[in-house]
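Below, chains carry the letters A, B, ... as their sequence lines are ordered, and counting in each starts from 1.
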There are 4 protein chains.
Amino acid sequence: MLNIGLLGAGRIGMVHACAISAHQGSTLCAVSDVFEQNAAALATQYGAEVRSSDEIIADPSIDAVLIATSTDTHSDLIEAATQAGKAVLCEKPVDLSLARAKACQSAVSKTGKPVMIGLNRRFDPSFGTMKAAIDAGEIGASELLSITSFDPAPPPVSYIKVSGGLFRDMMIHDFDMATFLMGALPETVSAVGSSVVDPEIGAAGDVDTAVVTLSYADGRIAVIKNSRRAVYGYDQRVEILGSKGLLQAQNVLENTVVKSTTDGVMSAKPTYFFLERYMPAYAAEWDAFVTALTNGTDMPVTLEDGVNALCLAEAATQSVQSGAPVKLADVG
Amino acid sequence: MLNIGLLGAGRIGMVHACAISAHQGSTLCAVSDVFEQNAAALATQYGAEVRSSDEIIADPSIDAVLIATSTDTHSDLIEAATQAGKAVLCEKPVDLSLARAKACQSAVSKTGKPVMIGLNRRFDPSFGTMKAAIDAGEIGASELLSITSFDPAPPPVSYIKVSGGLFRDMMIHDFDMATFLMGALPETVSAVGSSVVDPEIGAAGDVDTAVVTLSYADGRIAVIKNSRRAVYGYDQRVEILGSKGLLQAQNVLENTVVKSTTDGVMSAKPTYFFLERYMPAYAAEWDAFVTALTNGTDMPVTLEDGVNALCLAEAATQSVQSGAPVKLADVG
Amino acid sequence: MLNIGLLGAGRIGMVHACAISAHQGSTLCAVSDVFEQNAAALATQYGAEVRSSDEIIADPSIDAVLIATSTDTHSDLIEAATQAGKAVLCEKPVDLSLARAKACQSAVSKTGKPVMIGLNRRFDPSFGTMKAAIDAGEIGASELLSITSFDPAPPPVSYIKVSGGLFRDMMIHDFDMATFLMGALPETVSAVGSSVVDPEIGAAGDVDTAVVTLSYADGRIAVIKNSRRAVYGYDQRVEILGSKGLLQAQNVLENTVVKSTTDGVMSAKPTYFFLERYMPAYAAEWDAFVTALTNGTDMPVTLEDGVNALCLAEAATQSVQSGAPVKLADVG
Amino acid sequence: MLNIGLLGAGRIGMVHACAISAHQGSTLCAVSDVFEQNAAALATQYGAEVRSSDEIIADPSIDAVLIATSTDTHSDLIEAATQAGKAVLCEKPVDLSLARAKACQSAVSKTGKPVMIGLNRRFDPSFGTMKAAIDAGEIGASELLSITSFDPAPPPVSYIKVSGGLFRDMMIHDFDMATFLMGALPETVSAVGSSVVDPEIGAAGDVDTAVVTLSYADGRIAVIKNSRRAVYGYDQRVEILGSKGLLQAQNVLENTVVKSTTDGVMSAKPTYFFLERYMPAYAAEWDAFVTALTNGTDMPVTLEDGVNALCLAEAATQSVQSGAPVKLADVG
């Protein structure tokens, strides 16, 4: 039974608290948050204690910490926790700064402690099934990957300004998905973006609609489409063409009801909230972390994976600014 | 916060224990089972005590009991618990004997205690959406209901022999669904059945494949199809035609992956186990029970609903034996 | 090259004229109709002559006639044409009277001339694929067949009165589909019907909504659902459960466009008109007739098939009137 | 009634001959082909005469010619036919050379004769429905267009060598579809391509897999994916995201049968041949040509549209070679 400390009791921290408690191999012992009442609510619900993050990290009875705090604290907390001998599951991204993330990676490697980055979509049942089918050769050699990832609605412009931009904040999941499914990093990143959804986002120096093309050394190609607004829901689709077929992961719908009237044949919308869409993925992610820790096997998603995703985001950011393709080797 | 005693720690009891614990308005206090190790395992996992069912029913600190024991004990336990002043959620069916179920209904009514029968499918998100759409007039006046309900594989013949037969054991859910969606009981029940899946089932005096037609006083018609074997999974579909359209609830699939090859376009199968299929329904059912109890409102599924479903099963059993339609008024 | 005479230039005659002309093995030579301008229009379009049906039947240069006249003339024309040595493709039904149809069958058998009945749905690409899959054992032994067949809108009550009733006029196609897919006739027919769509139809002595259950000697069951009104289009679905799987033929939609908005995910409706829905079936039906005639092989749909469908319609009509199952052997 | 001369009696010429004959407003009078037996076969089937293309163009009784000859003859024949006073429907592309196509456009403009280019996909029922929905504002302002266009199998390398390359030969349809749906030309074209399907195609100087991103002046983006090989069939999908929703045109399947077994849920494949997929589009295209000619209205697809598609293909070809985005204004 692993004793777990949770750093961060916000929206995503609540999801993790539930997964930690429901797992037969882990117990939620302590919770911290900059807003103490958030921590207190979670602690009460799950029979844990409220402490500061420093106290949790210093407590030798805590086996692992789950970092669900704000992005700017991730690197520092990862370093502190691993140096204190703890295993870590940290929400993505490692850091908005690629240099800082790499420094963190270096610092962690000296501790030898296992760190997993919460690129949770790898644990989605459909994407996982897709990966297994690719690895099993069910579509032969993979050739062309397409990822469609639209948010239901843009965040406030105030958030956009501190988000690191669409590529680091939103498409980072898709960059990791590309690496996960293609099993390699691309050579070249070519990005196009604009702010057709909301000119205020453009005024804030970001894009809200983007298409990024990734070219791999062996000729394979991936294309990622992002939009900050799909009014019908959270649109998360992946497809990959191979020499022997096509795999598609389609949207998860709110229910299975179909209504046929004189207007047409109406189905339910995709689930709207990312937490609802990826709830099974969060549970499976936690199980994978506990299993790896218990068995002493490699973490299924590493700090390097987190840095790689950030590196691709950096390349895309440079490409959309310069209007030219960027070699990944030239980044960072 | 309601204190709950769980009677029965088998497969379905485990599902209920999880729902009780996860609900913010209820606590699992005590568990009983004829096999004490079953009760002990659940009690340990959720921090409850192991007790006998008599002790649980007698404990004044317990607000409500959830009865998930074997069918032949349902009526007795419902009566005992309500007479002890407890609210009850009891798994279907009330009893295999219609007469006994009616006697139970009569006994309970004297206690004035609320009893809900676990006809869980009413709480399935898709069927619930369908019911709401019907009530909102989205398909106008309802006319023709069809329920397809196939199990993935037949139970052992030893179970068949004590099950009460397909109509009481399996189609009872569909009879209740018909009543739920049509909002009325039929006048006439006409059943056809055979044992094309397994002649052993026929030799045991039961059918494994059946079609039942329900005729309502206002001319509406419902048809229910059951099979004990659909090798591709648990097939649970409902559709209803109205004057302004058609509503269909389709199957829940294991995942959303679609694979296109030279063989064809392959999607995932329907979920195989009824517990997986109806897991959200069990959670919603428990929430509805807690809410009704907390608010002092009527139970959303009553003992009368349970008796009505049994009554339809009795009529269908008579019809398939006589080869002629049976008037519901002539049953029981 | 077969020389063809077309009797009847109404809506369905126009469809056949097109199929006859487009086929490389047949030429449309002559057209008759009780309204001469109908015949003239078709004759002009396809370079044929306008003649009376008597003249066409008497013309030794005509190899075959296609009978697309009103139902009450079918039997007489089939007899006259076969006695004049012609092959015949006649629209369904053979006759509204089972006795008359059987007399026609007897008369034709004496001529030895090939007669095909236009039960066109057997030639629908999806139903044909389904039949081939059943015969190839792809779902093992068939067990339970379901046919859903809804018209978009009821015909005028004036037509209902002379139609022979829903079972002979509309469900006759579904009876034939059941025989086609099950490869046998049922022992027992059990029908339930009402006029929930339009009480005027009930006042005219007919039903507009019906469910018929067919029981086969070997325990298999088929259920047919008909409604005269499905406002969303022509709903034509078939599914069959077997020991190794399920086959479903779904609706043909007007197009493949899907629109996702805040309202939901909207697809196109099923095609509305039966001629549009079954246009490929009419072409394939004609090709099958020409091929059988050219090769001297058996007609793929026989006069006996037409009589059998009528027999089932007769049984269903009796069952809905008596409220009891009818043995097919007791009919006709 | 328009008298039509058909130049070219190959595979696509046969499709057009059928459409011309079936149309109530046109008659196929004469057919030419470099292989006279091809012309003879079509002429016999449809009651037309075999002539040389020069004879057809010179015949004053011919109202219009349909040019379905090899690509290298298109420009010359368009010029000759229009100078002889004929209306023209010419298969795409106008020419492989952008300069030659522009010269042809200039020459035709002096004749004042109507020329339509056979960019047939605009007439596909689903793409047409999509265009109408966009124009009707059903998804608000369009933002992000995606076109997936995969051939079932690559052509012989010998064809590849004379094809003008993937962008001019295959993606030209998708460039036109982008212009059709976006209602504008892009500013910038950015292409990535490789030969992962067959290195022989790469050795021949072409790509077999490509992704092209189009950036529009107003910030909108389109992305086109092409592959020469999708073993499951002809994959033709389009989707467009707008401020109020998403429109998708999905594949046309061979039939509507779905088979559920222990292996999964299997549907039919997309239609394999482009002629089968777009047969309704060819008929609608011809009808649009005849209607425009008869009514004296503008051609629905112009020579300028053909030149624009070629211009985009030229830009993509340059982009994939240079590895950098290309401004459309810098092309041609």
Considering only heavy atoms and a distance below 4.5 Å, find which of Glu239(D), Lys225(D), Arg229(D), Arg220(D) pairs most often with chain A.
Arg229(D)
Side chain / backbone / both / neither for Asn226(D) at chain A, heavy atoms under 4.5 Å:
backbone
Using 30° and 60° as the class limits, which term best fits the ring planes of Phe127(A) and Tyr278(A): parallel, tilted or perpendicular?
tilted
What's the verdict on side-chain contact (heavy atoms from CB on, under 4.5 Å) for Asp198(A) and Val157(A), showing C-alpha distance, side-chain angles and the deciding distance?
CA-CA 9 Å; Asp198(A) 183 357; Val157(A) 172; 4.3 Å; yes
Part of Leu246(A) lying under 4.5 Å from any heavy atom of chain D
both
Without hydrogens or angle criteria, can the side chains of Thr271(D) and Glu254(D) be said to hold a donor-acceptor pair below 3.5 Å?
no
Between Ile139(D), Leu241(D), Val231(D), the one whose heavy-atom pairs under 4.5 Å with chain A are most numerous
Leu241(D)
Side chain to side chain contact (heavy atoms under 4.5 Å, CB included) partner of Arg228(A), the single match among Pro155(A), Ser195(A), Pro152(A):
Pro155(A)
Name the region of Ser243(D), side chain, backbone, both or neither, that has any atom closer than 4.5 Å to a heavy atom of chain A.
both
Per-residue tally against chain D (heavy atom, under 4.5 Å) across Gly140(A), Gly202(A), Pro325(A) peaks at Pro325(A)
On a heavy-atom basis, the closest approach of Val189(A) and Leu328(A) is CG2-CD1, 4.4 Å
In this structure, which one of Asp305(D), Asp176(D), Asp174(D) forms a salt bridge (charged side-chain N to carboxylate O under 4.0 Å, His left out) with Arg121(D)?
Asp174(D)
Tell me, for Val223(A) versus chain D, whether the close heavy atoms (under 4.5 Å) come from the side chain, the backbone, both or neither.
side chain
Residue part contacting chain D, namely of Asp235(A), when any heavy atom lies under 4.5 Å
side chain
Between Thr213(A) and chain D, which part of the residue has a heavy atom less than 4.5 Å away: side chain, backbone, both or neither?
side chain
Between Ala288(D) and Phe123(D), which heavy-atom pair has the shortest distance, and what is it?
CB-CE2, 3.5 Å
Report, as yes or no, whether the 6.0 Å neighbourhood of atom CD on Glu304(A) holds more than 12 heavy atoms from other residues, nucleotides or ligands.
no
Region of Ile221(D) that comes under 4.5 Å of a non-hydrogen atom in chain A:
side chain
Chain D: which of Asp218(A), Thr148(A), Thr188(A), Leu144(A) shares the most heavy-atom pairs with it under 4.5 Å?
Leu144(A)
Against chain D, label Ala210(A) side chain, backbone, both or neither, depending on which of its atoms sit under 4.5 Å from a heavy atom there.
backbone
